[in-house]
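Take a look at the structure set out below.
Index from 1, following the sequence. All ligand and atom numbering here is 1-based and tracks the order in the structure. The structure presented is a predicted model; accordingly, all values stated were derived computationally and were not measured.
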Amino acid sequence: MSFPDGFLWGAGTSAYQIEGHHGRGESVWDVFCRRPGAVEGGGDGSRACDSFVRWREDVELVKELGLGAYRFSTGWSRVMPDGAHADPKALDHYERFTDALLEAGAEPVLTLNHWDMPASLTWAERSSVNAFTSYAQAVADRLADRVTWWITQNEPWIIALLGYQLGLHAPGVADLGTAVKAGHHVLLGHGAAADVLHAFPGTKAGAALSLFPCDPATGSAADRAAARGSDGYVNRWYLDPLLGDGYPADMREHWERALGHGLDFVRDGDEAAIGGRSDFLGVNYYTRRVMAAAPPDPFPWKVVGPSGDVARTDEGWEINPGALRDLLVGLSRRFPGTPLMITENGGVFGDTPTHDGRVHDDRRIAYLRDHVAAVESAIEAGADVRGYLHWSLMDNFEWALGYRPRFGLVHVDYATGARTVKDSGRYYARLIAGGGQAPALPRIEAFG
Ligand code: FCB
């Protein structure tokens with residue numbers, strides 16, 4: 001087996017997606033969900049999986065699956081309802097929860113911003129960085145003595161793209177210039193929160209990036225340039241400053257051209273305040289992008305695939321574990337000395353309980369097996385990977401897609417809140433118990 005000692009096997013969730021309201025402050029997502037048509041099916045996070053109340057059951061699930069790590073987020077709008085002052089009762093809750101995880105033998109991996117920003121704040125304003133810093137300080141003061149792994153920001157590109165460029169996520173702004181600015185503030189927030197965390201001995205701070213390998217549709221020079229440009233837009237614009245290289249020059253020129261002005265919101269010293277502060281890099285991997293050249297406005301590239309007859313999840317995303325392997329190997333070569341953690345990987349498979357009360361989600365089992373094998377093969381090829389956290393422990397509120405897509409190892413009946421471990425959950429438990437050794441698929445049925 002190639003998995004190093006101490007490799008963290010786990011799963012993740014986030015506060016807004018599972019907790020339910022239960023007295024938290026209003027977040028940008030509460031406001032966004034009220035917009036007619038914003039969320040498929042008209043749902044919101046007011047009930048979700050009711051985990052704020054049923055958290056002991058969730059910890060039992062972590063135990064039952066034998067997870068060595070659990071990624072969760074502290075609700076920013078719960079901890080700081082007005083965006084400025086911490087609510088000690090909310091921190092009491094997360095303290096109890098963290099202690100229960102530790103008691104269950106699971107390493108907490110704590111995300112500070114998994115998108116439920118208090119409604120009074122916006123990443124469009126630079127003042128959000130200070131607000132985020134005070135929030136990070138309040139959580140760290142309580143928990144940094146027992147939480148080692150901290151994720152400052154979840155998916156800066158997705159926040160900028162869906163939240164501020166396309167308006168498909170909270171806060172629903174659709175403006176390119178605002179998106180680039182907001183993304184910069186998110187990265188500054190990472191730097192500032194990492195500085196807060198590093199005042200506590202033993203903490204490890206990193207951001208979790210949504211990384212999409214970008215492949216050219218053909219071997220033409222134009223498509224290859226499109227893939228490179230797309231990689232700059234999606235991946236390098238965040239990776240390079242985080243890992244100390246500053247913003248990539250080609251993308252900076254691209255933004256200046258597309259926006260028709262300089263990036264005056266990037267002030268002297270900002271890049272130095274973002275870089276050199278990551279103890280690890282969180283990798284969220286779902287699929288890749290296939291790119292072709294396009295007319296230049298506003299982007300000289302477009303997504304054209306993967307097309308055709310490839311394996312796909314129920315959401316239509318290509319299943320491509322080989323691209324994860326290459327991504328991990330490439331990252332470790334490009335940024336030696338920065339350990340990697342898979343902070344999200346998973347797929348939508350809509351299986352629900354059958355007459356025997358079980359959820360036979362064989363495609364998720366195959367997905368899990370093949371992606372874990374890809375991680376192992378990346379480690380064999382020299383990638384420094386320290387953990388694999390599957391998305392998600394349980395079905396939950398999938399943002400603008402509402403409750404339709406099911407990502408969980410555990411099924412949730414949203415009417416009753418009842419949790420049922422899926423076959424994939426049982427499979428994962430076996431895989432973890434075997435140190436990453438994949439149980440043979442024909443034995444799935446025997447995992448009583
Ligand atoms: C990621 C998010 C996570 C979940 C998965 C499917 O973009 O971080 O909350 O929605 O996608």
| field | His169 and Trp123 aromatic centres sub-6.0 Å | value | no
| message | So if I count the atoms of ligand 1 from 1 in the order they appear, which ones are less than 4.0 Å from some heavy atom of Tyr286? | response | 5 (C), 6 (C), 11 (O)
| said: I need the atoms of ligand 1 closer than 4.0 Å to a non-hydrogen atom of Phe407, numbered in the order shown. | reply: 6 (C)
| message | Can you confirm whether or not the ring centre of Tyr247 sits under 6.0 Å from the ring centre of Trp255? | response | no
| field | Options Glu315, His169, Glu344, ranked by nearest heavy atom to atom 3 (C) of ligand 1, top entry | value | Glu344
| query | What atoms in ligand 1 come closer than 4.0 Å to a heavy atom of Trp399? | reply | 3 (C), 4 (C), 9 (O), 10 (O)
| query | At a non-hydrogen distance cut-off of under 4.0 Å, which region of Ile158 contacts ligand 1 (side chain, backbone, both, or neither)? | reply | neither
| query | Applying the ring pair (Phe, Tyr, Trp, His ring centres under 6.0 Å) test to Trp317, which of Tyr285, Phe212, Tyr286 qualifies? | reply | Tyr286
| query | Centroid-to-centroid, Tyr388 to His371, below 6.0 Å? | reply | no
| said: Pairs of nitrogen or oxygen atoms closer than 3.5 Å, one from Gln17 and one from ligand 1: do any exist? | reply: yes
| message | Centroid separation under 6.0 Å, is that true for the rings of Phe72 and His114? | response | no
| request: Determine, for Arg404 against Glu398, whether the closest basic-nitrogen to carboxylate-oxygen distance falls under 4.0 angstrom. | output: no
| said: Any nitrogen or oxygen of Trp391, side chain or backbone, less than 3.5 Å from one on ligand 1? | reply: no
| field | Heavy-atom nearest neighbour in the protein, as seen from atom 7 (O) of ligand 1, with distance rounded to 0.1 Å | value | Glu155 OE1, 2.5 Å
| field | Nearest protein heavy atom with distance in Å, relative to atom 10 (O) of ligand 1 | value | Glu398 OE1, 2.8 Å
| said: I'd like to check which ligand 1 atoms, numbered from 1 as shown, lie under 4.0 Å from a non-hydrogen atom of His114. | reply: 2 (C), 3 (C), 8 (O), 9 (O)
| Checking salt bridge (Lys or Arg N to Asp or Glu O under 4.0 Å) against Arg24, which of Asp87, Asp116, Asp30 comes through? | Asp30
